[in-house]
Amino acid sequence: MSSSLTSMLADSGRLAALRQTNLLDTPAEEAFDRLARLAARVLDVPIAVVSLVDEDRQFLKACVGLPEPWASARQTPLSHALCQQLLVTRQPLVIRDIRRDLPARDNQLTLELGVAACLGVPLIVSGHVLGAFCAADRQPRDWTADHVAILSDLADMAIAQIQLRANLTPRGELERRLADLQASYQALLERLPGVVYTIAPETPNQVIYISPQIEALLGEPAADCIGDPDVWKRLLHPDDADWVLAAYEQANQTGGPFAAEYRMCTRDGQVRWVRDETVLVRGVDGRPLFWQGIMTDITAMQLTAARLGEALDREQDAAYQMAAALERELAAAEHLRAVDEMKTTFLHAVSHDLRTPLTTVLGIALTLERRAAGLPAHDLADLLRRLSSNARKLDGLLADLLDLDRLARGTLIPRRQVVDVGALVRRIVDEADVTEDHTVVVAAPAVHIAVDAPKVERIVENLVVNAARHTEAGTAIWVRVEPRPDGVLLVVEDEGPGVPAQLREQIFQPFQQGRNVADHAPGSGIGLALVAQFASLHDGRAWIEDRPGGGASFRVFLPGIQRPVATGDQA
């Protein structure tokens, strides 16, 4: 409900209050002032004016909201402009937009007051227009028939004042007319689309009046509600009763307005949502007279809002699902892109590692096929050694690829047995093809622990080969085996350029390599990936640190308990 309608309801009670305070015994200026202020409140306008003009230019005026100097002037351009038209038409005058509805010459002074819309009714006494009752707004406004009726009723009160002062109408007749005006207001309130009620200002706030619409809303006859102080408690929904009654009590104590939306129960158990607005009506002396309120049915609006909320929730759920599906598709696309990129990198890297030893093997095989009988013994031995070495490289590369595939599918299971890790490391370094170009220093004491020996061999071999590949010929490499209370630490260090911090996680991924790779031995980027995954297979880990004095320190920790070795156990 609009604030103007709430104000209208409150001030309908003030009409009765004015009658109770005997407006007819009030001096003219004061009576007109009350009527102007009442009109401003009831119609929710900033400006209201009662003005009289007779043949002798005698002038009585009451106004609300007019700025100086118009408020203190004997005549106002607002009332003067309207009176000119009301004298001719003798009918209510409705101006919704002055700029649009009045010629510029007629609205100039009115516009100076900041007025945009006007409503006026003539004050007709004995067939003569003696003045006007006007209301004005500072914004264009759509005046309704109820607005015209209300201002006309207030104008009748002003006419009654004029007649009383002129002794034109007996006092009893004036009182009867005021009673008729109040009755017409009651009829107007009962036509409103809501339940209008009046309750006593003091606790227990008995119902003084309630409009018949209460029966249509809640199934309660109006007569059953009159005088019942507990009707509200009986009709309130149990889930809303406590906070609504608390809010009513606070309004009772402060005298402030009450406005809330809550649920009530009909006689047959249905639930109705209502919008309840109540104001305290005071007399001219400020004394509380009664609470005046209106209750409107907003059940349909609440149900619509609930359905809209449910529809919005469904749309949001659908949007979330679409977003999640899109995110999954994007993740899948990114995965496919990464897989495709990895495949390209793999083909590029592996093709070189396969082609180089394969080319060597084929070349040696052709040489042996054509000239084996005529070759000196030492040349033949060298060719066979090289043939064997390159064949092992091919076998190692294929083994790495197969292991990566089994690790990816989760089918590679460690086969642990107690071995001397120190002896294993020394043997692998001796067999590695790096000692010709690099100085390798080994410190590998005996450490007996349960590990998958072939996987540990591959870890050590890949780390040593990686150190040789990423350093220049002649660079020293250190290999250490360090016992730990909860396992063993394998360390391979070099005095090369080291590994940048931002690459230390990346190079343990398949087909990823550091920056300093020798052109003659680029590698496939598989070795360090296997190091990390074989360490993880043992529930350990692999990482890189800076070597004191420069270079990289690759470290692999393999957890386990050192065990004594009985006679006859083998490494």
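By convention here, the first residue in the shown sequence is residue 1. These numbers come from a predicted model, not from an experiment.
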Visitor: State whether the number of non-hydrogen atoms from other residues, nucleotides or ligands found under 6.0 Å of Asp268 atom CG is greater than 12.
Guide: yes
Visitor: Please list, chain by chain and in numerical order, all residues satisfying side chain to side chain contact (heavy atoms under 4.5 Å, CB included) with Thr299, sequence neighbours excluded.
Guide: Arg272, Trp273, Asp297, Leu303
Visitor: Output every pair passing salt bridge (Lys or Arg N to Asp or Glu O under 4.0 Å) with a member in residues 313-325, not counting sequence neighbours, ordered by first then second residue.
Guide: none
Visitor: If you count every heavy atom of other residues, nucleotides or ligands that lies below 6.0 Å from Glu327 atom CD, does the total exceed 12?
Guide: no
Visitor: I'd like to check the side chain to side chain contact (heavy atoms under 4.5 Å, CB included) partners of Ile413; sequence neighbours left out, ordered by chain and number.
Guide: none
Visitor: Give a yes or no on whether a salt bridge exists between Arg337 and Glu334, defined as a side-chain N under 4.0 angstrom from a carboxylate O.
Guide: yes
Visitor: Which residue pairs satisfy the ring pair (Phe, Tyr, Trp, His ring centres under 6.0 Å) criterion with at least one member in residues 250-270, sequence neighbours excluded?
Guide: Tyr248-Phe258
Visitor: Taking side-chain hydrogen bond (donor to acceptor under 3.5 Å, both in side chains) as the test, write out the residues that go with Arg555, two or more places apart.
Guide: Glu545, Ser553
Visitor: Would you please name every residue forming a salt bridge (Lys or Arg N to Asp or Glu O under 4.0 Å) with Arg90, sequence neighbours left out?
Guide: none
Visitor: How would you list, by chain and number, every residue that makes a side chain to side chain contact (heavy atoms under 4.5 Å, CB included) with Asp142, sequence neighbours excluded?
Guide: Arg96
Visitor: Sequence neighbours excluded, which residues qualify as salt bridge (Lys or Arg N to Asp or Glu O under 4.0 Å) partners of Asp546?
Guide: Arg504
Visitor: Would you mind telling me which of Trp232, Trp291, Tyr209 makes a ring-ring contact (aromatic ring centres under 6.0 Å, His included) with Tyr197?
Guide: Trp232
Visitor: What residues form a side-chain hydrogen bond (donor to acceptor under 3.5 Å, both in side chains) with Asp97, not counting sequence neighbours?
Guide: none
Visitor: Verify whether one side chain among Gln213 and Ser211 offers a donor that lies under 3.5 Å from an acceptor in the other.
Guide: yes
Visitor: Among all residues two or more places apart in sequence or in another chain, which pass the salt bridge (Lys or Arg N to Asp or Glu O under 4.0 Å) test with Arg234?
Guide: Glu220, Asp228
Visitor: When you measure from the side chain of Thr304 to the backbone N and O of Ala300, does any donor-acceptor pair fall under 3.5 Å?
Guide: yes
Visitor: Could I get the full list of side chain to side chain contact (heavy atoms under 4.5 Å, CB included) partners for Glu215, not counting sequence neighbours?
Guide: Pro221
Visitor: With sequence neighbours left out, write down each residue that passes salt bridge (Lys or Arg N to Asp or Glu O under 4.0 Å) with Asp137, or none if nothing qualifies.
Guide: Arg141
